[in-house]
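Data first, discussion second: the structure below is written as structure tokens.
Letters A, B, ... mirror the listed sequences (proteins, then strands); counts begin at 1. Small disclaimer: the values here were computed from a predicted structure and weren't measured. Computed over heavy atoms, backbone and side chain alike; hydrogens, waters and symmetry mates excluded.
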There are 2 protein chains.
Amino acid sequence: MTIEKEYSTKLAVGEVTIDRRDIEMLDAIDRHGSMHKAAEQLGRSYARLQNRVVEIEDAVGPITERQRGGSGGGGTTLTQTAHELCHQFGRHEAELDGVARVTESVFPGTVQDRTGELATVETAIGSILALVPDGAHEVQVTVRSDAVVLTDPDEAPSADETSLRNQFRGTVMALEPGEAITGVTVRLGADSELQALITNASSSRLGLEVGQSITVSFKATAARAIRLESDYSA
Amino acid sequence: MTIEKEYSTKLAVGEVTIDRRDIEMLDAIDRHGSMHKAAEQLGRSYARLQNRVVEIEDAVGPITERQRGGSGGGGTTLTQTAHELCHQFGRHEAELDGVARVTESVFPGTVQDRTGELATVETAIGSILALVPDGAHEVQVTVRSDAVVLTDPDEAPSADETSLRNQFRGTVMALEPGEAITGVTVRLGADSELQALITNASSSRLGLEVGQSITVSFKATAARAIRLESDYSA
DNA sequence: CGACGTTGTATCTTCATAGATATATCGCCG
DNA sequence: CGGCGATATATCTATGAAGATACAACGTCG
């Protein structure tokens, strides 16, 4: 059975939380210049829609300029605030979409030293410096494939010169070239693999081939651990 | 007014989508060994809870072993499948949490050449290679601060040797040291700043100081653009 | 000055979700 | 063999979100 990662994007601003439906509403108002037409196009009742606009404005401040009477009977336009809300929502959604799309590599391990939110986790592939939740001991470290940097081992900068704190040596096991991006699977230990996403250009620049030795790096701030003895008590 | 990024985590598996409430339910069942006690602890009705378990199992397959009668009257334990579901949910949530926590830097620009999902975007700080949605022209490129790599300019590897396709030169404007992680603000152009998160260790290793010249890099697969002429029509 | 197409409200209905309650079933154990 | 504490299930009710409907208010324009 396949499990798909899903999410729903929200922005908490003041007292209200704005979801996709609200953004679609604002977008429709913007495109049609009136709340009535927006309601019609979205197939929802004008009353509720207008109500929601007021509700949001009560918490956020003016997001519309509403005019009644006048030529055409009036209309509603969005304020700059509303447009910025939409953009911010779009950016947030793009980031979340990235999370849901991208594959992750998982390494079980045990927490060793901790400093603040960071800790070293002992895993099958060695020590990983990662963000570790408070009080966790047995954890899984996850690394997003779009955060993994590949380097030619001969040219690899020593970890001293960059902020890439995790660096491992591995062997390219598989290449899945796409139109612009190649998925790379790197074997790091007996049973451990790490996936990376790189541009096709980088792939050919590095001369990637199956069987090749390669250096993989990722930032500590991009490696996140979750505790295995999960406790979801609210 | 402050806008906070929120989200809600979900896993779509088969016909049902599992949310945090479901995971909390499974966790409570696991801890108490019975659905009745779980319902009581969660303050929800046994009937609905039991119903939900059946609902999930209809779609996902066995996630519990339920026994009635016997010593103690019976009880319910979770299957391995259920535990894996919880872990996967935890990992997914950790990633989303990362998105909501981390700051992002935004660069408006216009799309130039495109190959598949990738395109170069002309911005105030120069060309950025990023993931760009289909058909977009005017965009905002966002870069997560945990994806930015800092390098000593003298030692910076040429872009030829790594899969870090975006590389810029800048000046450190601000340092916000935390317990384990330092937030770094780098000025890249007249009006453009990029934020990065690095470990304190990396910060001191690089000898970071305000005013210092520094090289920032990030992967094309970690830079995401959203269209400015947003169209949220469903 | 009246028509028109808006915005602004108020009220009723519909629907889905979940709690409340009651009852049946099960199977070990004293 | 009855009690206990669980699972299993059906029915009623409470609640909240949203649609349906109706009507008042507004202001430009013909």
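- A/E55 has its CD atom 15 Å from the C1' atom of C/dT9, to the nearest Å.
- Ion pairing between a basic and an acidic side chain is recognised when a charged N comes within 4.0 Å of a carboxylate O; A/E55 and A/R48 show no such pairing.
- Following rounding to the nearest Å, A/H32 (NE2) and C/dT6 (P) show an atom-to-atom distance of 11 Å.
- Using a 4.0 Å heavy-atom criterion, one finds that B/R52 contacts no nucleic acid atom at all.
- Minimum atom distance to the side chain of B/Y46 is reached by D/dA8, of the listed C/dG19, C/dT6, D/dA8.
- Distance CD (A/E65) to P (C/dG8): 12 Å, rounded to an integer number of Å.
- A sub-4.0 Å separation between OP1 or OP2 of C/dT6 and a side-chain N or O of A/R66 is absent.
- Rounded to an integer number of Å, the gap from CD of B/Q50 to P of C/dT23 is 19 Å.
- Along DNA chain C, the nucleotide nearest A/G73 and the nucleotide nearest A/N51 are compared for position; the residue whose nucleotide lies closer to the 5' end is A/G73.
- A salt bridge does not link A/E138 to A/R227: none of the charged side-chain nitrogens sits closer than 4.0 Å to a carboxylate oxygen.
- Salt bridge annotation for A/E193-A/R187: present, with a cationic side-chain nitrogen under 4.0 angstrom from a carboxylate oxygen.
- For B/M35 and D/dT9, the CE to P distance is 10 Å, given to the nearest whole Å.
- Heavy atoms of B/G72 sit under 4.0 angstrom from primed sugar atoms or phosphate atoms, though from no base atom.
- Straight-line distance from the CD atom of A/Q67 to the P atom of D/dT28: 8 Å, rounded to whole Å.
- When distances are taken from the side chain of A/R21 to each of D/dA8, C/dT6, D/dG19, the shortest belongs to D/dG19.
- Nearest-nucleotide positions on DNA chain D place B/T76 closer to the 5' end than the other of A/G69 and B/T76.
- The nearest whole Å value for the distance from the CZ atom in A/R68 to the C1' atom in C/dG5 is 13 Å.
- Rounded to whole Å, the distance from CD on A/E40 to P on C/dG5 is 13 Å.
- More than 12 heavy atoms of other shown residues, nucleotides or ligands fall within 6.0 angstrom of atom CD in B/Q112.
- The existence of a salt bridge linking B/E24 and B/R20 is confirmed by a sub-4.0 Å separation between a basic side-chain nitrogen and an acidic carboxylate oxygen.
- A close approach under 4.0 Å does occur between a side-chain nitrogen or oxygen of A/K37 and OP1 or OP2 of C/dT6.
- An OP1 or OP2 oxygen of D/dA18 is reached within less than 4.0 angstrom by a side-chain nitrogen or oxygen of A/R48.
- Judged by closest nucleotide on DNA chain D, B/A47 is the one of A/R44 and B/A47 placed further toward the 5' end.
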